**Student:** 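Below is a structure I'd like to ask you about.
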There are 4 protein chains.
Amino acid sequence: MRARNSAAKQETEGASRTFTEAARRAQIVEAAIEVIAEVGYAKATFTRIAKRAGLSSTGMISYHFAGKDDLMREVVAEVFRVADGYMVPRIEAQTTAAGRLRAFIESNIELLGEFPKHLPAVVEVLGNVRGEDSTMREFCAAMDSLVDTHTHLIHEAQKTGEFGEFDPRVMALAIRGAIDGVVSRAAKDPDFDAVACGRELADLFERATRNDKRGE
Amino acid sequence: MRARNSAAKQETEGASRTFTEAARRAQIVEAAIEVIAEVGYAKATFTRIAKRAGLSSTGMISYHFAGKDDLMREVVAEVFRVADGYMVPRIEAQTTAAGRLRAFIESNIELLGEFPKHLPAVVEVLGNVRGEDSTMREFCAAMDSLVDTHTHLIHEAQKTGEFGEFDPRVMALAIRGAIDGVVSRAAKDPDFDAVACGRELADLFERATRNDKRGE
Amino acid sequence: MRARNSAAKQETEGASRTFTEAARRAQIVEAAIEVIAEVGYAKATFTRIAKRAGLSSTGMISYHFAGKDDLMREVVAEVFRVADGYMVPRIEAQTTAAGRLRAFIESNIELLGEFPKHLPAVVEVLGNVRGEDSTMREFCAAMDSLVDTHTHLIHEAQKTGEFGEFDPRVMALAIRGAIDGVVSRAAKDPDFDAVACGRELADLFERATRNDKRGE
Amino acid sequence: MRARNSAAKQETEGASRTFTEAARRAQIVEAAIEVIAEVGYAKATFTRIAKRAGLSSTGMISYHFAGKDDLMREVVAEVFRVADGYMVPRIEAQTTAAGRLRAFIESNIELLGEFPKHLPAVVEVLGNVRGEDSTMREFCAAMDSLVDTHTHLIHEAQKTGEFGEFDPRVMALAIRGAIDGVVSRAAKDPDFDAVACGRELADLFERATRNDKRGE
DNA sequence: GATGAATGAGAATTCATTCAT
DNA sequence: GATGAATGAATTCTCATTCAT
């Protein structure tokens, strides 16, 4: 493998990366997201991605990315970037844990309406990756850290008495799993109205997290 | 010999499938389940499966199955068979909808302890299948029908007043997604104690489904 | 390769071949003829032939024949046997060279009506065989000897003045080729009325062979 | 990349096929022609063709052709192109039907001297093709249309009285069959002097077609 | 003699990656 | 920087043949 993986490039060459190169990379990542969401991880070959990106050959992708793993990592990173940009303001606008949880779930599902391919793509990638390669471990770590963050926030809300008593890690996992289930379904069934699920899902987890004994 | 897919064989040749052939098929399916769970759908090649099954060549698998789709269908069928055998009695022993829901979730997760590879394998397969091939559509249909069944049962429990008011389809999807999330996690992280999650998850969905207004 | 090729068997074991074995061989040869005629030489696999013969496995074929070449040789031999039985009496009933030529062509084409698969099968086999293997060379030799025989008969008829002046070898080849063309066509196009061609073809070669200067 | 069959490429990408790609394709087609003529259709594998073409792997062939069918279609097309280039001027230089028929036969056989592998290759391909695949049907159609054209021309010559009375379709088939027989023989027997046959064959069919009653 | 499961070589095809231009 | 042709490993699948029972 060439030493030129994107991480190395970012660190050692820094600002020297030209605008057009960045644009090329973004273009490829975007195409990859679309292709992965449409045909699934297994069939998301360089050939298909290149064709979608309007590139004449797969060599272009290998030139800009150190390998398939590198491209996939960028796909995940890009989706996270977009998701953060959309969700974080909406979550931070809330003052209660319940509000933030609702904002998290609803904005996450809303994202499916705004960027219909992004979440399905990331679910595909993370569902098909193992922690074998050191470079791959980053993927899982990223997702785990999200769950961990939730676990932590839930735990805090339990300490203030806003949330009831339950295992915060299982709750975080369940929320993640339920959302991913909706995302997967939305990706495979174009008729499925994912956005309509958002409020319902938020209601569900509100009931599951609230402290019934509060104020007794 | 295309026509020799398992369905055709079962229907047209009936009992003519010999004992040893059935044993070989079962052996291959078992190996496939293990390999899929361990390395993921994309890397679960005939070569790896044959090696795991102690077979001398991939040709042996092609000899016993009409193709990869056929093998995958058998994998799903076998896991469903095992899961049904384990879960159905436990579910039917319950008399209330809440009891059945809990039994469903807990026995499903317990299955991870008894057959640690089965559910991860099926999650991998169903997560990587598109409804393109007519033979593939059966997979999705099987899973969908499960969700549909739950949707229906939830709806019934709502009519009796045992469950509260919410969209039964979203609830069914959320349950499915949460369980799959736990299964996926268990598959990738051997240290993850899935079984411990069962009761927690059941508690979670009990809170989410129960009718708070009952008896008011 | 096992020493037990059919030729060896016939010569060394002679009458020791049991009736049932001969029946089995005949049954396989018959199935092979049908399969070859229907799907062509390339797709005439042991699997297909065994299925057509009502055999449970291809091993049966390998048991009775030393190999694919051996089976093919038997196919050719059987067709020649049948063709001889049908054509020779009809040819020998004629007293003139022209009559014999006509009887040859017409009875050859008529054979297509009586045994629709036999000639197409042999055309397929001989068209796909090279003289590389020593065992294969027999095939070509058989066909060549037929053409040689015709060449000789034509030459005789030229000496008596019954036939005109032309290269007897080319004539023999042309007759063979024209008949094979009709046979091929008949095999691939079920609507083609081969039998109706017989007289026309015989007329054609009568005009081409007759001595126009005779009696001048 | 299924869509990259030559037809699609030619139509959708038009002139975008580069010079070197066209050269590679031509080189592969040429190698295929030689291999098919030498070892026969059944044994003309990508491996053998790649080796003959000096390519490192069979993948190269799959890269340039959509599949074996595509390559075979190109083989047939290339031979037809060469044959047309050689034969059509010689045929059109003739003013009588008899002259054109002779020119057709003689130039066809002469082609065996100029391009000894071309006609044998095409006879092999067309002899081993069934009308199953839609793409294959084109082959047969191409050959049938040639026979049909002859049938028509013969019919015209009969109406002017230049040719005698006979079934034009059978005559066309016989001509085709006789030539193919010579071609086949030439392919298998390197000592066979095909060119010498040309005039003889033309004489033969001149006698068979001429109107004996003309001017009576 | 007969069976059918097993074998292993070889087929076409796809893919990520490399490299000369 | 960019291109696209070439590479070679890997994958699924088929086939004739063998061998223990």
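Numbered from 1 within each chain, the chains take letters A, B, ... in sequence-line order. Please read these numbers as outputs of a predicted model, since none were measured by experiment.
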**Student:** Figure out the CD1/C1' separation between A:Ile28 and E:dT17, and round it to whole Å.
**Tutor:** 14 Å

**Student:** How long is the line joining CD1 of A:Ile61 and C1' of F:dA2, in whole Å?
**Tutor:** 14 Å

**Student:** Please determine, for the side chain of D:Lys68, which listed nucleotide (E:dA12, F:dT11, F:dT17) has the closest atom?
**Tutor:** E:dA12

**Student:** Closest to the B:Thr58 side chain: F:dT12, F:dT17, E:dA5?
**Tutor:** F:dT12

**Student:** Atom CG of B:Leu71 and atom P of F:dT12: how far apart are they, to the nearest Å?
**Tutor:** 10 Å

**Student:** Rounded to whole Å, please give me the gap between CG in A:Leu55 and P in F:dA2.
**Tutor:** 10 Å

**Student:** Does A:Arg48 have a side-chain nitrogen or oxygen under 4.0 Å from the phosphate oxygens OP1 or OP2 of E:dC15?
**Tutor:** yes

**Student:** Identify which nucleotide among F:dA16, F:dC13, F:dA5 has an atom closest to any side-chain atom of D:Glu21, counting heavy atoms from C-beta outward.
**Tutor:** F:dA5

**Student:** Side chain of D:Ser57 only, please: which of F:dG8, E:dT18, E:dT13 is the nearest?
**Tutor:** F:dG8

**Student:** Tell me the partner of E:dA20, counting only Watson-Crick (N1-N3 plus N6-O4 or O6-N4) or G-U wobble (N1-O2 and O6-N3) with both under 3.5 Å; none if nothing fits.
**Tutor:** F:dT3

**Student:** Side chain of D:Thr47, heavy atoms from C-beta onward: which of F:dA2, F:dC13, E:dA11 has the nearest atom to it?
**Tutor:** E:dA11

**Student:** Applying the side chain to side chain contact (heavy atoms under 4.5 Å, CB included) criterion to C:Glu38, which one of C:Arg52, C:Lys43, C:Arg48 satisfies it?
**Tutor:** C:Arg52

**Student:** How many angstroms lie between CZ in B:Phe65 and CD1 in B:Ile49, if you round to the nearest 0.5 Å?
**Tutor:** 9.5 Å

**Student:** Measure the CD1-CD1 distance between A:Ile28 and A:Ile33 for me, rounded to the nearest 0.5 Å.
**Tutor:** 12.5 Å

**Student:** Counting side-chain heavy atoms from C-beta on, which of F:dC13, E:dT17, F:dC15 comes nearest to C:Thr45?
**Tutor:** F:dC15

**Student:** When the distance from NZ of B:Lys51 to P of E:dA6 is rounded to whole Å, what number comes out?
**Tutor:** 19 Å

**Student:** Side chain of A:Met60: nearest nucleotide among F:dA6, F:dT12, F:dT3?
**Tutor:** F:dT3

**Student:** Rounded to whole Å, please give me the gap between CD1 in C:Ile49 and P in F:dT14.
**Tutor:** 17 Å

**Student:** Side chain of C:Gln27, backbone of C:Ala53: donor and acceptor closer than 3.5 Å?
**Tutor:** yes

**Student:** Between F:dA5, F:dT17, F:dT14, which nucleotide gets closest to the side-chain atoms of C:Ser62?
**Tutor:** F:dT17

**Student:** OP1 or OP2 of F:dA6 less than 4.0 angstrom from a side-chain nitrogen or oxygen of D:Tyr63, does that happen here?
**Tutor:** no

**Student:** To the nearest Å, how far apart are A:Lys43 NZ and E:dA16 P?
**Tutor:** 14 Å

**Student:** Which nucleotide in the list E:dA11, E:dG8, E:dT13 gets nearest to the side chain of B:Ser56?
**Tutor:** E:dG8

**Student:** Can you tell me how far C1' of F:dT17 sits from CG of C:Asp69, to the nearest Å?
**Tutor:** 13 Å

**Student:** I'd like to know if the side chain of C:Glu124 reaches the main chain of C:Tyr41, judged simply by a donor and an acceptor atom lying under 3.5 Å from each other, with no hydrogens or angles considered.
**Tutor:** yes

**Student:** In terms of the nearest nucleotide of DNA chain F, which residue is placed more toward the 5' end: C:Ala42 or D:Arg24?
**Tutor:** D:Arg24

